[in-house]
Visitor: 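What follows is a single structure, and I will ask about it in a moment.
Below, read A as the first sequence line, B as the second, and so on, with proteins coming before strands; counting in each chain starts at 1.
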Protein chains: 2
Amino acid sequence: MLDATFAALADPTRRAILARLAQGEATVTELAAPFAMSQPAISKHLKVLEKAGLITRGRDAQRRPCRLAAEPLEEATQWLAGYREFWEARYRQLDAVLKGME
Amino acid sequence: MLDATFAALADPTRRAILARLAQGEATVTELAAPFAMSQPAISKHLKVLEKAGLITRGRDAQRRPCRLAAEPLEEATQWLAGYREFWEARYRQLDAVLKGME
DNA sequence: CAGTTACATAACTGGAAGGTTATCTGCCTA
DNA sequence: TAGGCAGATAACCTTCCAGTTATGTAACTG
């Protein structure tokens with residue numbers, strides 16, 4: 001699952017789509033509007049996001065509204081949290097150095 | 001930068017390498033040992049990690065010890081943090097539902 | 001019912017990913 | 001100095017990815 005999540009997040013178009021969805025539901029056409037890209041290209045990106053579980057889709061007549069699904073983001077965050085102490089250690093070192101300069 | 005970071009993290013072999021490096025420096029041969037994969041394949045993965053800034057490499061005679069570099073992980077975490085309220089909101093909803101069932 | 005809107009699907013293309021084997025380089029050691 | 005060890009690089013293959021255009025399909029609208 002982490003594979004699909006990180007792979008999905010590796011594309012700037014897809015991250016921008018998620019950023020848009022963080023502000024609420026949107027249709028495919030709405031999501032496609034900001035990009036200089038064909039509609040099928042966006043549909044493909046949405047499929048990638050859907051397979052990664054990062055979005056879910058409803059139905060409203062001809063429209064297929066997309067919603068953000070947070071679970072994989074949480075999973076990714078938790079994985080990264082395992083390394084948190086690592087860079088915090090760096091900051092403590094930096095702190096120490098700065099204190100030494102006083 | 002986030003592109004390269006997330007792309008690098010999308011591969012399980014590379015995540016495993018990072019996990020190993022979290023416990024301290026290691027040489028290429030040491031890193032390659034756990035995997036049923038040729039040494040050049042590992043070297044490629046290391047190059048990906050290096051380009052993404054996730055590792056740095058030193059020199060010790062013929063050995064090129066690798067160290068974990070935390071900065072891109074921090075950057076990725078901060079990006080994800082922008083969505084944190086999103087799933088926390090879900091939990092608050094769940095909480096509310098559970099309380100309603102009492 | 002004809003046309004249009006909203007989106008999906010198919011087929012193609014160029015380039016990057018991830019693996020392989022074979023070979024080269026640099027450094028240590030006997 | 002000859003040989004071996006650690007690792008990088010090259011050349012190749014196959015599969016996937018991100019985009020395209022063209023076409024199909026379901027649902028609304030006049």
Visitor: Report the residue (B:R63 or A:A36) whose heavy-atom-nearest nucleotide on DNA chain D is the more 5′ of the two.
Guide: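 Here B:R63 is the residue nearer the 5' end.
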
Visitor: How many Å lie between CG on A:L49 and C1' on C:dC7, as a whole number?
Guide: 16 Å

Visitor: Need one value for B:A61: base, sugar-phosphate or nothing, where a base atom within 4.0 Å counts as base even if backbone is also close, heavy atoms only.
Guide: sugar-phosphate

Visitor: Tell me which nucleotide among C:dG19, C:dT21, C:dT9 gets nearest to the side chain of B:M37.
Guide: C:dG19

Visitor: What is the distance from CD of B:Q62 to P of D:dC5, rounded to the nearest Å?
Guide: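 Atom-to-atom, B:Q62 to D:dC5, this comes out as 10 Å.
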
Visitor: I need the B:T27 OG1 to B:R57 CZ distance, nearest 0.5 Å.
Guide: 10.5 Å

Visitor: Nearest to the B:S43 side chain among D:dA8, C:dT5, C:dC7, which nucleotide is it?
Guide: D:dA8

Visitor: Rounding to an integer number of Å, can you tell me how far A:D60 CG sits from D:dA26 P?
Guide: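 That distance rounds to 18 Å.
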
Visitor: Do B:L18 and B:L9 come within less than 4.5 Å of each other through their side chains, counting heavy atoms only?
Guide: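 The answer is yes; the side chains approach within 4.5 Å.
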
Visitor: Has the side chain of A:Q39 got a donor or acceptor that lies under 3.5 Å from a partner of the other kind on the base of C:dA6?
Guide: no

Visitor: Give the nucleotide from the list D:dA11, D:dA22, D:dA8 with an atom nearest to the side chain of B:K44.
Guide: D:dA11

Visitor: In this structure, how many angstroms lie between the C1' atom of C:dG26 and the CZ atom of B:R64, rounded?
Guide: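 Whole-Å distance recorded here is 11 Å.
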
Visitor: Tell me the interatomic distance from B:L46, atom CG, to C:dA17, atom C1', rounded to whole angstroms.
Guide: 16 Å

Visitor: Rounded to whole Å, how long is the line connecting atom CZ of B:R57 with atom C1' of D:dA8?
Guide: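 In whole Å, D:dA8 C1' and B:R57 CZ are 9 Å from each other.
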
Visitor: Given C:dT20, D:dA8, C:dA10, identify the nucleotide with an atom nearest to the side chain of B:S38.
Guide: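 Out of C:dT20, D:dA8, C:dA10, the nucleotide with an atom closest to B:S38's side chain is C:dT20.
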
Visitor: By nearest atom, which of the nucleotides D:dA18, C:dT9, C:dC7 is closest to the A:D11 side chain?
Guide: D:dA18

Visitor: Closest approach to the side chain of B:T13, judged atom by atom: which nucleotide of C:dG19, C:dC7, C:dT5 is it?
Guide: C:dG19

Visitor: Could you tell me how the ring of A:F6 sits relative to the ring of A:W79: parallel (under 30°), tilted (30 to 60°) or perpendicular (over 60°)?
Guide: perpendicular

Visitor: A:R14 side chain: which of C:dG18, C:dC7, D:dA18 is closest?
Guide: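 Closest nucleotide among those given: D:dA18.
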
Visitor: Determine whether A:E75 and A:L2 make a side-chain contact, defined as any pair of heavy atoms from C-beta on separated by less than 4.5 Å.
Guide: yes

Visitor: Using heavy atoms to find the nearest nucleotide of DNA chain D for A:V48 and B:V28 separately, return the residue whose nucleotide is more 5′.
Guide: B:V28

Visitor: In whole angstrom, what separates B:K47's NZ from C:dA16's P?
Guide: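 Taking NZ of B:K47 and P of C:dA16, I get 15 Å after rounding.
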
Visitor: May I ask you to verify if any side-chain N or O of B:H45 is less than 4.0 angstrom from the OP1 or OP2 atom of C:dA17?
Guide: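 Result: no.
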
Visitor: Is any side-chain heavy atom of B:D3 less than 4.5 Å from a side-chain heavy atom of A:R15?
Guide: yes

Visitor: Using whole Å, report how far CD1 of A:I17 lies from P of C:dC7.
Guide: 13 Å

